[in-house]
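This report concerns only the one structure given below.
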Amino acid sequence: MAVKKDLSINYLGVPCMNPFFLSSSPVGSNYDMVAKCFETGWGGVFYKTIGIFVADECSPRFDQTNKEGLPWLGFKNMEQISDKPTEVNFENIMKLKRDYPEHVVVASIMGSTEEEWQELAKMADQAGADLIEGNFSCPQMTSHAMGSDVGTNPELVRSYCKAVTSVTTTPFIAKMTPNITNMEIPALAALEGGAAGVSAINTVKSITNLDFENMTAMPVVDGKSSISGYSGAAVRPIALRFIAQLMQNERIAETELSGIGGIETWRDCVEFLLLGCRNLQVTTAIMQYGYRIVEDMLSGVSHFMEERGFDKLEDFIGKAIPNIIPAEELNRDFKLLPHFDDEKCIGCGRCYISCYDAAHQAIDWNQEKRRPELNDNCVGCHLCLNVCPVQECITPGEIKWKEGRGQRNIRYKMHYE
């Protein structure tokens with residue numbers, strides 16, 4: 001049954017019909033592509049990053065980590081910013097705002113000097129962009145004056161943000177690099193420089209596969225390769241970690257975040273929203289499945305809201321943040337033992353092998369019944385639950401309190417669907 005919920009949201013003062021946007025990448029790099037995405041249901045686009053510098057690309061420049069076929073586990077790209085003339089890109093933005101005024105167009109820009117940043121910001125204004133994003137995070141630029149090398153330098157981030165916000169009143173978003181230990185430092189520098197918001201994360205520097213024939217990484221470009229950006233489902237846990245840390249910083253918590261990194265399903269969308277994002281950007285999923293993947297996102301998020309009684313996105317944005325706490329604050333007074341369902345068990349023995357070889361030798365194997373049996377060594381780590389191939393065969397069971405610890409009601413996950 002179709003469920004339609006109000007997925008509209010205000011992002012940095014701009015009304016959006018939904019939070020689903022293309023991220024600045026090949027999937028939104030000309031007029032026709034963006035027009036098609038708008039007609040498919042996307043709320044907006046971060047148009048592919050525009051610079052004074054026009055990229056001279058290599059070939060090939062893509063690789064992925066699952067050669068068996070779809071879905072990709074991860075995706076590597078050696079793509080730079082736009083390879084189209086600067087004026088052509090801003091003309092496309094102007095035409096998109098003329099033809100699709102209800103959709104949001106964000107001009108993503110990247111300069112190498114304060115003067116270039118200012119020139120690009122002025123051109124974005126003249127083109128009618130709703131928002132401007134500063135790309136401080138592309139990991140494969142051929143100049144160290146641009147991209148992630150800038151994003152790891154808080155002083156440069158601050159000064160470039162100041163340069164942009166001194167010549168425009170259009171809200172400016174700083175796009176963060178994950179190729180750093182503490183993202184909060186450049187994020188704070190961006191806000192001090194006048195940025196209105198932060199987007200995170202861009203791609204993670206990587207080597208995906210090695211080619212034995214040419215003795216280099218993939219993709220192979222005339223017998224050589226390069227370290228470059230990794231995206232897709234594999235980076236989502238990294239993105240969620242950085243988003244949570246940004247939102248837990250008191251000085252950043254009031255900032256409106258745009259979340260990026262491995263978003264493919266409606267569930268991924270909900271996870272980023274629960275961590276406080278008000279805007280979601282997607283690329284790699286579109287490369288695999290096309291623009292219509294947004295239909296699954298729209299439907300799935302609507303059903304999630306219907307099932308849990310949420311009427312609008314504002315009802316649950318950021319709700320997970322208070323429950324993500326420092327490790328030293330976790331309740332360590334009890335052990336939650338696993339329960340084995342003999343009726344569902346297929347007798348594969350994976351739980352026994354994993355526990356014996358990698359955990360606490362807490363499972364005995366009943367050879368006659370071909371069933372696992374828990375012994376007193378169990379510490380409640382739940383490795384067995386995670387390796388079991390049968391859904392809900394192993395579930396949380398008995399709670400055992402550590403000696404001398406006070407007992408009380410605790411909350412834990414019961415069902416692992």
Side-chain angles (χ1 to χ4, degrees), residues 3 5 7 9 11 16-29 33-34 36-46 48 62-77 79 106 137 139 175-176 178 199-204 206 208-209 228-244 257-305 307 313 316-317 320 386 391 416-417:
V3 174
K5 284 285 185 177
L7 300 183
I9 192 165
Y11 176 55
C16 308
M17 61 180 64
N18 63 59
F20 309 123
F21 282 43
L22 308 189
S23 54
S24 57
S25 68
V27 302
S29 57
M33 296 175 80
V34 178
K36 182 180 178 183
C37 99
F38 286 163
E39 290 168 5
T40 309
W42 294 87
V45 61
F46 284 71
K48 185 171 183 180
F62 295 150
D63 185 45
Q64 55 95 1
T65 53
N66 181 10
K67 303 303 183 183
E68 305 298 322
L70 297 178
W72 298 339
L73 300 177
F75 178 75
K76 176 184 176 182
N77 82 88
E79 183 103 6
V106 186
S137 50
K175 187 173 185 179
M176 298 286 102
S199 57
I201 61 174
N202 206 329
T203 53
V204 181
S206 72
T208 45
N209 303 286
S228 60
Y230 192 54
S231 63
V235 309
R236 181 173 54 85
I238 300 170
L240 294 173
R241 164 243 167 155
F242 277 117
I243 293 290
L257 260 59
S258 177
I260 323 165
I263 299 173
E264 293 188 355
T265 69
W266 68 266
R267 186 181 184 89
D268 301 337
C269 296
V270 171
E271 288 179 350
F272 277 80
L273 293 166
L274 285 170
L275 289 180
C277 295
R278 300 179 64 83
N279 177 266
L280 307 174
Q281 298 184 43
V282 180
T283 282
T284 308
I286 296 169
M287 288 179 158
Q288 295 186 80
Y289 306 115
Y291 293 131
R292 287 191 61 186
I293 194 171
V294 75
E295 296 173 3
D296 294 334
M297 295 174 178
L298 291 164
S299 175
V301 174
S302 293
H303 276 88
F304 166 83
M305 293 169 65
E307 290 171 4
L313 295 178
F316 66 94
I317 287 177
N386 283 279
Q391 192 174 57
Y416 286 78
E417 296 104 0

- Is any side-chain heavy atom of Tyr230 less than 4.5 Å from a side-chain heavy atom of Thr208?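 Counting from C-beta outward, Tyr230 and Thr208 do come under 4.5 Å.
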- Note, Leu22 side chain near Phe46 side chain (heavy atom, < 4.5 Å):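 Answer no - side chains too far apart.
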- Salt-bridged, Glu295 to Arg292, with N to O below 4.0 Å?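 Result for this pair is yes, salt bridge flagged.
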- Message: Parallel, tilted or perpendicular, judged at 30° and 60°: which one describes the rings of Phe304 and Phe316?
- Response: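 It falls in the perpendicular class, over 60°.
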- Message: I'd like to check the ring-ring contact (aromatic ring centres under 6.0 Å, His included) partners of Phe62; sequence neighbours left out, ordered by chain and number.
- Response: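 Phe62 satisfies ring-ring contact (aromatic ring centres under 6.0 Å, His included) with Phe75 once adjacent residues are dropped.
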When you measure from the side chain of [X] to the backbone of [Y], do you find a donor-acceptor pair of N or O atoms at a distance under 3.5 Å?
X: Tyr291; Y: Met33; value: yes
X: Thr265; Y: Arg267; value: yes
X: Thr203; Y: Ser231; value: no
X: Asn202; Y: Pro178; value: no
X: Asn66; Y: Pro71; value: yes

- Query: So how far is it from Tyr11 OH to Ser258 OG, rounded to the nearest 0.5 Å?
  - Reply: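 Output value for this atom pair is 4.0 Å.
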- Task: Work out which heavy atom in Cys277 is nearest to a heavy atom in Leu280; give both atom names and the distance.
- Result: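 Minimum heavy-atom contact is CB-CD2, 4.1 Å.
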- Query: Can you name the closest pair of heavy atoms from Gly229 and Ser206 and give their distance?
  - Reply: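 Shortest heavy-atom separation between Gly229 and Ser206 comes out as C-OG, 4.0 Å.
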- Message: Can you list everything that forms a side chain to side chain donor-acceptor pair (under 3.5 Å) with Ser25? Sequence neighbours excluded, please.
- Response: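 With sequence neighbours excluded, Ser25 shows a side chain to side chain donor-acceptor pair (under 3.5 Å) to Thr283, given in chain and number order.
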